[in-house]
Amino acid sequence: MKIQALKGFKDIVPGEVELWQHLEKVAREVFARFHFAEIRLPILEETELFARSIGEATDIVEKEMYTFTDKKITMRPEATASLLRAYIEHGLYAQKPVQRLFTIGPMFRHERPQKGRLRQFHQMDIEVLGSENPLVDAELMAMGAMLLKELGITVSLELNSLGCPDCRPAYRAQLVAYITERLQHLCSDCKRRSTTNPLRVLDCKVPACREQMAEAPSIQDHLCGPCRDHFQRVQAGLAQLDVPFSLNKFMVRGLDYYCRTTFEFITSDLGAQAAVAAGGRYDGLVETLGGPKNTPGIGFAMGMERLVLLLQQQQQAVSEGPGIDLFIAGIGEQGVEKAFGLAHAIRAVRSVAMDHDGKSLKSQMKQADKAGARFVLIIGDTELTSGLGILRNMRTEEQQNVELSSSALIDCLKTNK
RNA sequence: GUGGGCGUAGCUCAAUUGGUUAGAGCACCUGGUUGUGGCCCAGGAGGCCGUGGGUUCAAGUCCCAUCGCUCACCCCA
């Protein structure tokens, strides 16, 4: 019986890992331009943290978390809760009125895997804490749009507002009334949702349900004054920054803590997993987790597996690795021994590969070619006797004799490109 | 938890109505070139046909079970 990776867990092997490195590099650059600071967080937290933030009754907390029940600890299913815990624990709210933070890493959910959806998945999570200014909402979405654009990924941005504890209950009641009237025309899932999570009926995929819900009351028409004002200023901010978006009154959130602004970057190229990034505002969450009162927050997460799939799919090929500076081909026992020492010395300043197994020169030349070596240094008996190695430029095919000393070789590699 | 599709070489796949020794491309190794890469040519290695049972003179092929992968549903950043 052979051992293989767990269901829903994936290795990222050479050849694919370059795409991840590219993604992270571009992301870090963009985050820095928008003045976000990185925070690194643990993967395990007290189960209670997620129960309180995500909501006791959600499927995530009820059955999709990796929890060590005897210790009451859980592998994080998302990053926001952990980030806020750290924010509160270290009193970051006291250091600066507004904290702009991001974190990158693996998350875990015990779901059945499908395309773009694994049990260990990776997210880049970006949060702004301490501001409820709608310009911040717009700026955050603009940053997401800029990053995706620089990655060469085409998506659309959808926007909605979920209101706040002042206006949502009244809307919700009205929606429930609307749903109840049409209950017999809805799918069995929606019948269940009508009591468990009525907002979810809005984004059901069953055509009959969509039809029934087409004329459903829109949250956007039922916002209270402050929420309506906030929502409008978010849109004005996006317009000013030339970030295209469309309003989607059917877009809702599964997690309890969201309020007001909610948004998703959507693609049609990933099957059922349309959202490559999603987020929203959570003004009450910091307080819920024991932080200072009235600490607003907004954030979003980008699904890295999905971004990588799109990078592969949309042919945003990252150039092959730069290859190696030098391959040292030693012939015979003495040659290999000399190569071994020289390789180590030159590695202080240049990348060097070699074959330790005494393969034929032809074989070593092939290896050098495959490694993308720019130069090959050949050391055989003749070269050992003369003290001069043959340095071959693999691109121009020119060869020259170079003294077999690390300093001479380093000089030579520096002057020849 | 539910439903569909698929399991043959490292990878992508083929194998007629069940019929001799399961093939190809890519990748790998060796040689053609005493010590020089790519291209070409020749050769080589690599398979419990996912696993177990059944039907049959005969199973990669048909049946059952099981495991795995995958897509979708539920749920969801």
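Each chain gets a letter, A, B and so on, in the order the sequences are listed, and its residues count up from 1.
- Between A:E305 and A:K10 there is no salt bridge, since none of the side-chain N atoms of the basic residue sits less than 4.0 Å from a carboxylate O of the acidic one.
- Between A:E150 and A:R33 a salt bridge is recorded (basic side-chain N to carboxylate O distance below 4.0 Å).
- Ring orientation note: the planes of A:Y93 and A:Y87 are nearly perpendicular, at an angle over 60° on the 30°/60° scale.
- A donor and an acceptor atom sit less than 3.5 Å apart, one in the side chain of A:T382 and one in the base of B:rG35.
- Partner assigned to B:rA65 is B:rU51, using Watson-Crick or G-U wobble distances below 3.5 angstrom.
- Within the nucleic acid shown, A:Q4 comes within 4.0 Å of sugar-phosphate atoms alone, with no base atom in reach, counting heavy atoms only.
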Pairs under 3.5 angstrom, nitrogen or oxygen only, protein versus nucleotides 73-75 of chain B, please.
residue, atom, partner, partner atom, Å
B:rC73, OP1, A:K205, NZ, 2.7
B:rC74, OP1, A:R193, NH2, 3.1
B:rC74, O3', A:R192, NH2, 3.1
B:rC74, N4, A:R117, NH1, 3.0
B:rC75, OP1, A:R193, NE, 2.8
B:rC75, OP2, A:R193, NE, 3.0
B:rC75, OP2, A:R193, NH2, 2.1
B:rC75, O2, A:E111, OE2, 3.2
B:rC75, O2, A:R117, NH2, 2.3
B:rC75, N3, A:R117, NH1, 3.0
B:rC75, N3, A:R117, NH2, 2.9

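- Using a cut-off of 4.0 Å between Lys/Arg side-chain N and Asp/Glu carboxylate O, A:K359 and A:D357 are scored as not salt-bridged.
- Looking at heavy-atom distances under 4.0 Å, A:Y258 makes contact with sugar-phosphate atoms alone, never a base.
- Side chains of A:T295 and A:E287: a donor-acceptor N/O pair is absent below 3.5 angstrom, by distance only.
- Between A:A301 and A:L270, it is A:L270 whose nearest contact on RNA chain B lies nearer the 5' terminus.
- For the residue pair A:Q220 and A:N160, a side-chain donor N or O sits within less than 3.5 Å of a side-chain acceptor on the partner.
- Aromatic ring orientation, A:F300 versus A:F265: tilted (interplanar angle from 30° to 60°).
- Residue A:E305 is out of contact with every strand shown, counting any heavy-atom pair closer than 4.0 Å.
- Of all nucleotides present, none satisfies the Watson-Crick or G-U wobble test against B:rU34 with each distance under 3.5 Å.
- Heavy atoms of A:D381 sit under 4.0 angstrom from at least one base atom.
- If you take atom C1' in B:rU8 and the same atom in B:rC13, they sit 9 Å apart, rounded to whole Å.
- For A:Q364 against B:rG35, no side-chain N or O and base N or O form a donor-acceptor pair under 3.5 Å.
- Taking a cutoff of 4.0 Å between a charged side-chain nitrogen and a carboxylate oxygen, A:E38 and A:R40 qualify as a salt bridge.
- Across the strands present, B:rG3 finds its partner in B:rC71; the criterion is a Watson-Crick or G-U wobble pair with both atom distances under 3.5 angstrom.
- Contact annotation: A:K10 reaches the phosphate of B:rU70 (side-chain N/O to OP1 or OP2, under 4.0 Å).
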Is there any protein nitrogen or oxygen under 3.5 Å from a nitrogen or oxygen in nucleotides 37-40 of chain B, and what are the pairs?
residue, atom, partner, partner atom, Å
B:rG37, O2', A:D369, OD2, 3.1
B:rG37, N7, A:R392, NH2, 3.1
B:rG37, O6, A:R392, NH2, 2.7
B:rG37, O6, A:M394, O, 3.4
B:rG37, N1, A:M394, O, 2.4
B:rG37, N2, A:D369, OD1, 3.3
B:rG37, N2, A:M394, O, 3.1
B:rG37, N3, A:D369, OD1, 3.3
B:rG38, O4', A:D369, OD2, 3.2
B:rG38, O6, A:E397, OE2, 3.0

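- Heavy-atom nearest nucleotides on RNA chain B were determined for A:A278 and for A:L118, and the one closer to the 5' end corresponds to A:L118.
- With respect to A:R100 and A:E139, a salt bridge is recorded, a charged nitrogen being found less than 4.0 Å from a carboxylate O.
- When both distances must be under 3.5 Å, the Watson-Crick or G-U wobble mate of B:rG43 is B:rC29.
- Between A:Y282 and A:Y258, the two ring planes are perpendicular [angle over 60°; tilted spans 30° to 60°].
- When both distances must be under 3.5 Å, the Watson-Crick or G-U wobble mate of B:rG19 is B:rC57.
- B:rG38 and B:rA27 have their C1' atoms separated by 15 Å, given to the nearest Å.
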